[in-house]
6 protein chains.
Amino acid sequence: MIADALLDSWLDEDVPYGDLTTQALGIGDRPGRIRFVARSQNVVCCVEEAERLLARLGTTPRRACASGDVVAAGALMLEAEGLAAALHRAWKTAQTLIEHASGIASAMRLIVSAARSVAPDIAVECTRKNLPGARRIAVRAVIAGGGSMHRLGLSESVLIFPQHIAFLGGLSALGDAIAGLKRRNPGQKIMAEGWSIADALALATAGVDVIQTDKFPPEMVRSLVEHTRHLTPAPAIVAAGGINETNAAAFAGTGCDALVTSAPYWARPVDVAVTIEPC
Amino acid sequence: MIADALLDSWLDEDVPYGDLTTQALGIGDRPGRIRFVARSQNVVCCVEEAERLLARLGTTPRRACASGDVVAAGALMLEAEGLAAALHRAWKTAQTLIEHASGIASAMRLIVSAARSVAPDIAVECTRKNLPGARRIAVRAVIAGGGSMHRLGLSESVLIFPQHIAFLGGLSALGDAIAGLKRRNPGQKIMAEGWSIADALALATAGVDVIQTDKFPPEMVRSLVEHTRHLTPAPAIVAAGGINETNAAAFAGTGCDALVTSAPYWARPVDVAVTIEPC
Amino acid sequence: MIADALLDSWLDEDVPYGDLTTQALGIGDRPGRIRFVARSQNVVCCVEEAERLLARLGTTPRRACASGDVVAAGALMLEAEGLAAALHRAWKTAQTLIEHASGIASAMRLIVSAARSVAPDIAVECTRKNLPGARRIAVRAVIAGGGSMHRLGLSESVLIFPQHIAFLGGLSALGDAIAGLKRRNPGQKIMAEGWSIADALALATAGVDVIQTDKFPPEMVRSLVEHTRHLTPAPAIVAAGGINETNAAAFAGTGCDALVTSAPYWARPVDVAVTIEPC
Amino acid sequence: MIADALLDSWLDEDVPYGDLTTQALGIGDRPGRIRFVARSQNVVCCVEEAERLLARLGTTPRRACASGDVVAAGALMLEAEGLAAALHRAWKTAQTLIEHASGIASAMRLIVSAARSVAPDIAVECTRKNLPGARRIAVRAVIAGGGSMHRLGLSESVLIFPQHIAFLGGLSALGDAIAGLKRRNPGQKIMAEGWSIADALALATAGVDVIQTDKFPPEMVRSLVEHTRHLTPAPAIVAAGGINETNAAAFAGTGCDALVTSAPYWARPVDVAVTIEPC
Amino acid sequence: MIADALLDSWLDEDVPYGDLTTQALGIGDRPGRIRFVARSQNVVCCVEEAERLLARLGTTPRRACASGDVVAAGALMLEAEGLAAALHRAWKTAQTLIEHASGIASAMRLIVSAARSVAPDIAVECTRKNLPGARRIAVRAVIAGGGSMHRLGLSESVLIFPQHIAFLGGLSALGDAIAGLKRRNPGQKIMAEGWSIADALALATAGVDVIQTDKFPPEMVRSLVEHTRHLTPAPAIVAAGGINETNAAAFAGTGCDALVTSAPYWARPVDVAVTIEPC
Amino acid sequence: MIADALLDSWLDEDVPYGDLTTQALGIGDRPGRIRFVARSQNVVCCVEEAERLLARLGTTPRRACASGDVVAAGALMLEAEGLAAALHRAWKTAQTLIEHASGIASAMRLIVSAARSVAPDIAVECTRKNLPGARRIAVRAVIAGGGSMHRLGLSESVLIFPQHIAFLGGLSALGDAIAGLKRRNPGQKIMAEGWSIADALALATAGVDVIQTDKFPPEMVRSLVEHTRHLTPAPAIVAAGGINETNAAAFAGTGCDALVTSAPYWARPVDVAVTIEPC
């Protein structure tokens, strides 16, 4: 899912013409070993892509863990043998890739764990609010962290925002449209975002399958769950807005069906120690 | 510096085939206005690229600030008029671009300000440890935040790490090499990273132009400054490793010449409110 | 949704170095007009992209219809004025783009119309079995034809094929998995393909939201509809496999919820006459 | 001729982030086998590229036929062993590639065979009117079908259309130009399209090497052949416009030198059955 | 023919993140004017692409000549007004593009002129031996210089080298194949390279349309012309190998039909003076 | 540093659809051997990339030398075994790549040798004035030739041209700025170009680290060296403009620290003989 050409573009971004220091010191042809070791416990991500980066530069990597694994502080994650020029060229790209992706995965895992400690079957999803251009890494990390993607993009699912409703002339017009939407899109759940309990209930009554809240506090989500639970069919309730590892359990305890978070995207990268030595 | 094709690839990542919701509701052809408003004070970045994104989709944007500006909470940053289909298509890509880039810029600015409150002329630099593939955004944001880039990559400058020295057979061998390095690279400062005061002094004695510390606490940086200040020429001392807005002033107060940080890359994105309305 | 760089790659594929004939005749700088006229009634598609192609080459196009329009035989679809070199360079790429895309759209429209003459609200969807690399044109044409896409790809929706079930150990194992699937994917309809009435009923009983048939004849689809209609909630029934304009009405008459077809992808391109004249 | 990056872009178009169904069912790591079997006799094309697709995803493919081969109904074309996640990811892209390309190749073969049953040495060529962006597949399929390409694009050969002549001021002006064209382009045959017998004869008299007819019926082509056969040197006569498998023999029987067709591009894809099973 | 994305990639190659000097001096926002002036008479090439580069960076260029023009020493070729940051960013890419391309064009023009001073209608062609990746610039420059391309690549024309014949089992086998080749490729001249007069005559007798010599001196080319002139049809004779401006007239005087040269590709770039000033 | 996708794009540029001649002769499947032999002594470059090109096409290459090696006339540089279709497809791209890159490397080596025969430790650098798009080849060849790159681009180093100073209001304003530049860019040497001895001395007095001359004759460079040698710290003096193999020793004899040349970019490609034979 991360193509060779994308891996190469990352290497090129960091080292377009080789490591000048290695060249200037004349050490490029000496054999060595690079080792990536976790400085703290973390959920691993993109170590497979780091392995491929190393292999593309002619080194012989050996991977000691997989995306989704939890590694302990001090654990070897990945190592490779090859020429010093290649090891230095791969170093930072491989390291920052693992660090950032594992940081997202680790943060996602914390939120998932917090939520499922309270509601073991709850869906825990991450938004598409990644840095533009980074969605392939983002999706990989969210899944490694045990979560799932809320949406991959706008083209694949129907999620009606108030910003859409404004063009229809309001919620009442939407009500008229829902039945048609459902008939014409039998493979899609019809989702909508509500900005108040009243809006959310109106969406539920109109037949929306999934109602997503925007920055409701937990008690308000719970109230919405209670107001909609008896409907047939009852809409799924999805809590979104401001959810993170500190409040995920509280949101999960409301009885809602899913949590949606963006918080992992600004998680601190995990710290990976890198050694390079002759061998 | 961010090419049209890169902008298009970001849009394509998020909305490869149009906004299905807009299509399903049949509202794509209705005229509207999108507005991006700061929810809190922040240092702006990439609002020009967001403007270009909007223009590429056929809307008519108007930009109210520039990268590097400080905007107040509630300030309009950017707006555009166009068809609902285009506004919805641009929405999230433009928003997350501004949010992430401005988040980095704002964090950078805090570190720069903290450092320069103590040492007004100190250089404050950001590493190249951005998410792979994101260097163009990273550089833009670092500069918008008032900082500069430590290195753009490995091909352009000479920075000798212990990981290089290992292939030479140790510091003593490096000493022999320094004079040659300097003669053969008259346009380059010769930089090296030291892992102890003793190492750093050895590097200084060997004639290295710039000595970079790795995770020295401030007092240890200060000690190194004091030990090298009297040399002729005195090497520049650059503090790196674990520097952030909370300790930047302490590091700046050591008398060193530059701080190098990676912290802005995991700054929380700023919060930008987006409204879309018919017009 | 079709980026400038993609348009340019199409032009480059056909005319990497200019039209040698125009160059050899020395007529490149003479002003002229190109006109694209429908030879028969058809549903238009990609005339906007053809317009952009012409504009990218420096000509001044004027578009006389839009994707989704029905144009009569003899109707002008698009014209442009510019230098002969540019007009000849754009000619075949613009023409074949309109011809192929309008061919798909026209075929889709026939199937949609046939189906909806019997079942006015039925969903009529096209598969993702386009020529690899052509999905952006395919989606555009399906929508222009009044249909919708069954799936945009594999990453966005859950459709369980027997080829998946084989790895689970059979339908009974699937039954156990469905409830979990639904809880963990609240934004997704769970869809599955059945290869017999019995399989389909087992899927329905297991709680699948949407059951897709594979090459059932209409009477068999009708039977499945009758067997599942009374379930609460009743699964949507989607007929797929061998559906085209000649049998779409028969399938639509079965009471199923949606038809899925691949037939438009091998529709004959519409015939567009192109004239180029000095002006 | 179909680069790795193009293969990867096809996979990415269909499965940007993995098969969600496989992921949701938790079966991705189970070993399995995929088999592609012809449902009917056909001329194979792009099975090598399908093999490469499978190999790029880490499976171990085994190819049982080659582009240009005729396979019987029921024949195994290609199989691979690998993890379920990879097999499902490759499935549809590999299948539709083989189906579309083999469909074109099979249609081309029918036209070639029909023509050569009458005129064993006649050239049978396909136009460049493929779907924009698909020329590499198109050329591959035309050759697999036993035909050749009429032109690969506009930059490489001289084919004078009436749309060129219009800028010269008519056929008489062309006549003056032909001798110069021939001297300045000694490696090129000078080709021209005629819209009537009279035009074609004028082109022949002017010294054109190859005269291409546009939608002449066979008897008209025959008449042109008879009128030009005695010229020294006699121009080659190429029949184009509306040629397909039903009339290719009739056209070939006119004595012309080549047929040019676009019909294979809208041939129905061949039907390839795909099974995926644990192993 | 040189797409926007290619222009952008050239700018990116030279200035990925802006001109650091301009940034460090804080002068980027000051308005200025850039002027490109010929230091010597030359045949211009790629000044249009340089103009587009300047426009893409937001400056307002004004072009004073066109590809193919001869400009005098001291003549203004191109100028633009814009911000200093944009002018400095465009400077070297625009300058080296014009210098290299005009260097090739000027060298080509000298060879064409030398040849045509003796043989006014002779074709003068350039090989495809450009630096890999530079063919679009190469073709543009060859045409600007008044020449034409010998071949654009291997896929479009039939030129039989001894390296092909080796696989056939020698010239006699080729002789058997020629008639078939000609029938199956009626739009192609059959070309072949001869390494001796005897070989060349054998090729002529076999019916080859165009015979290309490899490093024959002029008198040997003349001899070949004399030996083949009386054949019906007489093959075109093309002299290739070691041809440049100093010997082009001698080769042209042999009576051959075309010259093929690679010499322009290593022509010295023309010298263009660039000034940048505030305005 | 030269990615697979770039190699593929070169092959595609030359042979987008296979070698038509090989196809027309029906020899593509015959096994053969290609050999690249130096016609004259030269410094080799890009033979590794040629090897990769050959391997990507399925042949089995064997490389007999490495970039930077000097090979004698008649020496085998590279050979490969594979099918005739692949050998013909790779031929010219591999050959012209080696010829052009080795031409640059050989010219660079001559200049380096000339300079170091007089000043053994002098830096000899090549400019960034390569053909746009060719920097990766250029850098590779400069290094193979024993030189180094003056600058890789504008974003990485500070080199103040008079074209920058014009926006500051003259040299005096620059003087005020230098101290700040140095403090804010501790990792950079501050370089500046002088157009006269007086300017250069003013730059030196202002504290510029490296002074680059523009087209000074050797005696003027020597004078500048003498005028600056006693300064503390003394600026490095870099001679640029018009330097080539004939005058490099004279410039090196001036006592300056570095030479900067563009001359290798228009060096004549080396001549590599290519044989292809059945085997």
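Given the structure is predicted, the values throughout are model-derived calculations rather than measurements.
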What residue, out of D:G153, D:G187, D:A258, has the most heavy-atom pairs lying under 4.5 Å from chain E?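 Of D:G153, D:G187, D:A258, D:G187 has the most heavy-atom pairs under 4.5 Å with chain E.
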
For chain E, which of D:M1, D:M191, D:Q188 has the most heavy-atom pairs under 4.5 Å?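 Option with the greatest count: D:Q188.
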
What option among E:E125, E:R116, E:R151 has the most heavy-atom pairs under 4.5 Å with chain D?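 It is E:R116.
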
With a 4.5 Å limit on heavy-atom distance, are the side chains of [X] and [Y] in contact?
| X | Y | answer |
| --- | --- | --- |
| D:I165 | D:I160 | yes |
| E:I104 | E:C45 | no |
| D:T254 | D:F216 | no |
| D:N42 | D:S106 | yes |

Within the side chain of E:K182, is there an N or O that forms a donor-acceptor pair under 3.5 Å with the backbone of E:I190?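 Checking the backbone N and O of E:I190 against the side chain of E:K182, no donor-acceptor pair under 3.5 Å is found.
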
Part of D:S155 within contact of chain E (heavy atom distance under 4.5 Å):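 Contact with chain E is through both the backbone and side chain of D:S155.
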
Can you tell which part of [X] gets under 4.5 Å to a heavy atom of chain D, answering side chain, backbone, both or neither?
| X | result |
| --- | --- |
| E:S157 | neither |
| E:I122 | backbone |
| E:P120 | backbone |
| E:Q212 | neither |
| E:P233 | neither |

Is a salt bridge present between E:D257 and D:R183, judged by a nitrogen-to-oxygen distance below 4.0 Å?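 No salt bridge links E:D257 with D:R183.
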
Does a side-chain N-to-carboxylate-O contact under 4.0 Å join E:R140 and E:E48?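 Yes, this pair counts.
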
